[in-house]
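Following: one structure in structure tokens, then a few remarks.
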Number of protein chains: 2
Amino acid sequence: MLWERAREPHAHRWSLPGGGLRVDEDVETSIRRQLAEKVDVRQLSHVEQLAVFSAPDRVPPPRVVATAFLGLVPSDVDPEVPEDTRWHCVDTLPSMAFDHASIVDRARHRLASKLSYTNLGFALAPPEFTISLLRDHYSAALGYRVSATNLQRVLSRRLLLEPTGGTAPPGPSGGRPAALFRFSAKGIKVTDPFAVLRPPGSGRPAGGGGTP
Amino acid sequence: MLWERAREPHAHRWSLPGGGLRVDEDVETSIRRQLAEKVDVRQLSHVEQLAVFSAPDRVPPPRVVATAFLGLVPSDVDPEVPEDTRWHCVDTLPSMAFDHASIVDRARHRLASKLSYTNLGFALAPPEFTISLLRDHYSAALGYRVSATNLQRVLSRRLLLEPTGGTAPPGPSGGRPAALFRFSAKGIKVTDPFAVLRPPGSGRPAGGGGTP
DNA sequence: CCAGGTTTTCGCCTACTGGTCGAAAACGTC
DNA sequence: GACGTTTTCGACCAGTAGGCGAAAACCTGG
């Protein structure tokens, strides 16, 4: 979501939403306040600090240090934005003001990485979703084709998919109706990473073996 | 590494090294400059932004926003520090000034997480190291026992371990001398994450099959 | 110099995980 | 009712992690 600057510097160029930090708020409160002027903040499914951008010449003087955030909105919400603001496809972004292009770059990298070691992918989808939708989001964020079969198995083996029982109507060209799922958070947040080097004794599920 | 504050507020309490950002430097340059007053900066094997701490009341007025960093030093360097500064064990830290305890907490969490999905573990060890040493670092950072056997296999399967040919002398109580390894960075940085959902066609190593 | 303790290293086995393929199911349209 | 489409499921294979236990290589004490 970009906003067309009205004033100099970089007037009429697209830039990320944001603004100054007030003395009585922390940075997350601040960015949520700034965003509230653009969209309904309750739509945000995830917000996290991205990085501090602080090159002395990143903006014309006076010097400004920016704390950039990564915010996600589920794909089902149709966020209405004010006149001077517009949603863009990340693959076809216009030229942007200041160092905002590199901020977007970092955000895309962060999201793609986190899809691998967290469950952040669910923050991209509505509360109820089909596997195909989820796969499309993964594909878009990662930049390569993802198999729905594999995605479903990997996620359901982690006990993250809970079928709602309902189905979604097929598209205009027919096809089997897709089953609906929701994110099954068994005390897990979408941001929790799963370890690769696990604690000892955690590879052994209860039971097993065989006393035939 | 903590530093004992000389002046109010929080005089005589331990705090993380740091200081004000100058107008002509970015935050990373700044923290490296601040650290240079304490230790030889060339010893740092890794530096990354941790997070911005910005609660309005985190320090007594006037308000200060801090960009915290995570810095790693290989375990073989014995960093000499000035009089007012000391290295502490992270498990037995003294009471700290401001919100610095929560900063340390976050740093420990970040390091433990990153050990799983990056090769940051190598930044904890000297250029040449034994598997046991590496395992000890992993165990300390993760907080649970790690098997040297498994660690070696996992890392060498990723082609990250390169034997130097040398061996390290055994400890005072004997034992087989340990082989020395170095980090084999084949165009890989210690910070590069490895994806769990891989691009299609990457599970197939060249060749394979069988035409006997 | 040999017996016993210690630490590292290697091989084997098992369970789990991810990737791929193809068949079957469930829909729409012609 | 035949055909195209999309989803779903099962099967197969290779790669990966965890867990022994044996062997190797060293030390010390008798």
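Note on naming: letters A, B, ... go to the chains in the order of the sequence lines (proteins, then strands), and numbering restarts at 1 for each one. Because the structure is a prediction, the values reported are computed rather than measured. Values below: every heavy atom of this structure, side chains too, minus hydrogens, waters and symmetry copies.
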Output yes when a side-chain donor or acceptor of B:R58 lies under 3.5 Å from a complementary backbone atom of B:V64, and no otherwise.
-> yes

Please list, chain by chain and in numerical order, all residues satisfying salt bridge (charged side-chain N to carboxylate O under 4.0 Å, His left out) with A:D91, sequence neighbours excluded.
-> A:R108

What nucleotide, of C:dG19, D:dA17, C:dT8, holds the atom closest to the side chain of B:N150?
-> D:dA17

Pair listing, salt bridge (charged side-chain N to carboxylate O under 4.0 Å, His left out) test, anchored in residues 128-140 of chain A, at least two apart | A:E128-A:R182

C:dT9 P sits how many Å from B:L155 CG, rounded?
-> 13 Å

Determine whether any donor atom in the side chain of B:R157 lies under 3.5 Å from an acceptor atom in the base of D:dG15, or the reverse, and answer yes or no.
-> no

Ignoring hydrogens and angles, write down the donor-acceptor pairs under 3.5 Å from the side chains of residues 38-45 of chain A, residues two or more places apart or on other chains.
residue	atom	partner	partner atom	Å
A:D40	OD1	A:R42	N	3.0
A:D40	OD1	A:R42	NE	3.1
A:D40	OD2	A:R42	NE	3.2
A:D40	OD2	A:R42	NH2	2.8
A:S45	OG	A:L72	O	3.2
A:S45	OG	A:A123	O	2.6

Calculate the interatomic distance between A:L180 atom CG and D:dT6 atom P; express it in whole Å.
-> 18 Å

For A:T29 and A:D26, test the side chains for any donor-to-acceptor distance below 3.5 angstrom and give the result as yes or no.
-> yes

Can you tell me the distance, in whole Å, between the CD atom of B:Q152 and the P atom of D:dG18?
-> 14 Å

Output the single nucleotide from C:dC10, D:dA17, C:dC21 whose closest atom is nearest the side chain of B:V154.
-> D:dA17

Please list, by residue number, the residues of residues 126-134 of chain A whose heavy atoms come closer than 4.0 Å to an atom of DNA chain C; answer none if no residue qualifies.
-> none

Just how far, in rounded Å, is P of C:dT20 from CZ of A:R153?
-> 11 Å

Scan nucleotides 22-30 of chain D nucleotide by nucleotide, 5' to 3', and note B when protein non-hydrogen atoms come under 4.0 Å of the base, S if they reach only the sugar-phosphate, - if neither.
-> --BBBS---

Do the side chain of B:T118 and the main chain of B:L115 share a donor and acceptor less than 3.5 angstrom apart?
-> no

Can you tell me the distance, in whole Å, between the CG atom of A:L115 and the C1' atom of C:dG18?
-> 16 Å

Between CG of A:L142 and P of C:dG18 the distance, given in whole Å, is 14 Å

Evaluate the ring planes of B:W14 and B:H88, with Trp represented by its six-membered ring, and classify them as parallel (under 30°), tilted (30 to 60°) or perpendicular (over 60°).
-> perpendicular

For residues 164-178 of chain B, tabulate all N or O donor-acceptor pairs below 3.5 Å that involve a side-chain atom, not counting sequence neighbours.
residue	atom	partner	partner atom	Å
B:T164	OG1	B:G166	N	3.1
B:T164	OG1	B:L180	O	3.4

C:dG18 phosphate, OP1 or OP2: any side-chain N/O from A:R158 under 4.0 angstrom?
-> yes

So which one's nearest nucleotide on DNA chain D is more toward 5', A:R135 or B:T149?
-> A:R135

Identify whether any heavy atom of A:A179 sits under 4.0 Å from a base atom; if not, whether one sits that close to sugar-phosphate; answer base, sugar-phosphate or nothing.
-> sugar-phosphate

Is a side-chain N or O of B:Q49 found less than 3.5 angstrom from the main chain of A:A51, in a donor-acceptor match?
-> no

